[in-house]
Amino acid sequence: MYLKILITLNLFLLLLNPLQAQDSKKYREEKTKVLQFFQDSILTNSNYFIFSKGNTIRIRNYLSNSNLFLGVSLYSLNSAYENATIHSVFSENELNTILSKMTKDTLREKIGFKFNNYIQMVSGDSCLKISKPIFEKNFNYCYLSYGWFNSDKTSIDGSSLFLFKKNGKWTFVKKVGDIKSW
């Protein structure tokens, strides 16, 4: 009897595993695209970062949401949709889920992306820290946050961004929060 239950349970898990692998694969693919967008459109944009050509950018060698979505609220998530009906897609329940992912997901995750050679991956605290991307609606919407942190782990500056995938490419919609010297 127990053997039949174990066999049935194992078969069920084997059938379920490819579905989880697909979601995981899709997440890794979209995470790579979002980090590519971040590198090409945010890090190189003087509105966000001002670097001399010879400078090296130091980025923490893992992603984590801890302290990176401070100041983001349901109000600020809703304000991303003002006068932009194409992005008015989340219900209050979905917004609560997004906010929960921002504030309660504190696990670290490997970056899984190779940045340009002027970017150095570091394990210290004096660096740029990037959150895990939070995807919604079948990977068509994304929240991403970043912050500059100094050696005593306090933030100097940062932003939380709302992104939308248009024609297969990630685009910036609006800032939904700022981290300023806390």
Side-chain angles (χ1 to χ4, degrees), residues 20-72 76-77 80 87 98 101-182:
Q20 292 172 337
Q22 281 181 326
D23 288 341
S24 167
K25 181 180 177 187
K26 180 71 170 170
Y27 174 82
R28 287 190 311 270
E29 288 171 356
E30 292 303 326
K31 178 175 79 169
T32 297
K33 291 176 185 177
V34 163
L35 291 174
Q36 185 73 53
F37 169 81
F38 182 79
Q39 174 183 268
D40 297 345
S41 301
I42 305 297
L43 281 179
T44 59
N45 187 328
S46 61
N47 291 330
Y48 299 102
F49 298 101
I50 300 172
F51 290 107
S52 300
K53 283 224 176 216
N55 284 1
T56 298
I57 302 170
R58 297 167 45 90
I59 295 181
R60 181 174 60 184
N61 59 6
Y62 64 87
L63 305 174
S64 173
N65 294 353
S66 294
N67 298 325
L68 283 175
F69 286 102
L70 293 174
V72 175
S76 61
L77 294 177
H87 299 294
I98 293 165
K101 290 177 185 177
M102 290 175 171
T103 57
K104 293 187 170 100
D105 181 1
T106 57
L107 297 176
R108 295 177 177 189
E109 178 180 301
K110 290 181 181 180
I111 285 187
F113 177 77
K114 184 161 174 46
F115 286 96
N116 285 340
N117 57 6
Y118 61 89
I119 298 173
Q120 178 185 13
M121 305 306 286
V122 298
S123 60
D125 290 314
S126 182
C127 62
L128 177 70
K129 298 179 180 182
I130 305 171
S131 73
K132 293 187 256 184
I134 297 173
F135 295 106
E136 290 297 325
K137 299 287 187 179
N138 199 26
F139 295 93
N140 286 305
Y141 296 89
C142 178
Y143 290 96
L144 184 73
S145 193
Y146 64 90
W148 286 105
F149 287 77
N150 59 28
S151 58
D152 64 359
K153 299 182 182 180
T154 57
S155 174
I156 299 168
D157 194 17
S159 293
S160 296
L161 309 174
F162 179 54
L163 308 174
F164 174 66
K165 192 181 345 172
K166 186 175 184 177
N167 299 325
K169 296 196 183 263
W170 287 102
T171 60
F172 173 79
V173 175
K174 186 175 182 176
K175 281 187 186 182
V176 293
D178 284 314
I179 304 172
K180 298 288 183 195
S181 298
W182 52 269

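The structure presented is a predicted model; accordingly, all values stated were derived computationally and were not measured. Only heavy atoms go into these numbers, but all of them, side chains included; no hydrogens, no water, no symmetry mates.
- To the nearest 0.5 Å, the span separating CG on L35 from CD1 on I59 amounts to 8.5 Å.
- Judged as a side-chain hydrogen bond (donor to acceptor under 3.5 Å, both in side chains), and not counting sequence neighbours, the contacts of R108 are Y62.
- Legend: residues meeting ring pair (Phe, Tyr, Trp, His ring centres under 6.0 Å) with F69, ordered by chain and number and at least two apart, are absent.
- Partners of K33 under the side chain to side chain contact (heavy atoms under 4.5 Å, CB included) rule, at least two apart in sequence or in another chain, are E30, W170.
- Residues satisfying the side chain to side chain contact (heavy atoms under 4.5 Å, CB included) criterion with E109, sequence neighbours excluded, are Y27, K31, L63, K132.
- Nearest heavy atoms, Y146 versus L161: CE2-CD1, 3.9 Å.
- For the residue pair S24/R28, the side-chain donor-acceptor check at 3.5 Å is satisfied.
- Here I130 contributes atom CD1 and S145 contributes atom OG; the two are 10.0 Å apart, rounded to the nearest 0.5 Å.
- With contacts defined as side-chain heavy-atom distances shorter than 4.5 Å, the pair L43/N116 does not qualify.
- For D40, the side chain to side chain contact (heavy atoms under 4.5 Å, CB included) partners two or more places apart in sequence, or in a different chain, are Q36.
- In this structure, the side chains of I134 and D105 stay at 4.5 Å or more apart for every pair of heavy atoms.
- The distance from atom CG of N45 to atom CZ of F172, rounded to the nearest 0.5 Å, is 9.0 Å.
- A distance of 9.0 Å separates CG of L144 from CG of N65, quoted to the nearest 0.5 Å.
- Among residues two or more places apart in sequence or in another chain, the ring pair (Phe, Tyr, Trp, His ring centres under 6.0 Å) test is passed with F115 by F113.
- Separation of atoms CZ (R58) and CE (M121) is listed at 11.5 Å; rounding is to 0.5 Å.
- In this structure, L163 CG and N140 CG are separated by 12.0 Å, a value rounded to the nearest 0.5 Å.
- Counting heavy atoms from C-beta on, the side chains of T56 and Y118 never come closer than 4.5 Å.
- Scanning for side chain to side chain contact (heavy atoms under 4.5 Å, CB included) contacts around T171 gives F164, K166, with sequence neighbours left out.
- For E29, the side-chain hydrogen bond (donor to acceptor under 3.5 Å, both in side chains) criterion is met by no residue, not counting sequence neighbours.
- Using a 4.5 Å heavy-atom threshold, the side chains of V72 and Y143 count as separate.
- Shown here are the side-chain hydrogen bond (donor to acceptor under 3.5 Å, both in side chains) partners of S131, two or more places apart in sequence or in another chain: there are none.
- At least one donor-acceptor pair under 3.5 Å links the side chain of K165 to the backbone N or O of F139.
- The shortest heavy-atom contact between Q39 and K114 is OE1-O, 4.5 Å.
- A pairwise comparison of heavy atoms in C142 and V34 identifies SG-CG2, 4.0 Å as the closest pair.
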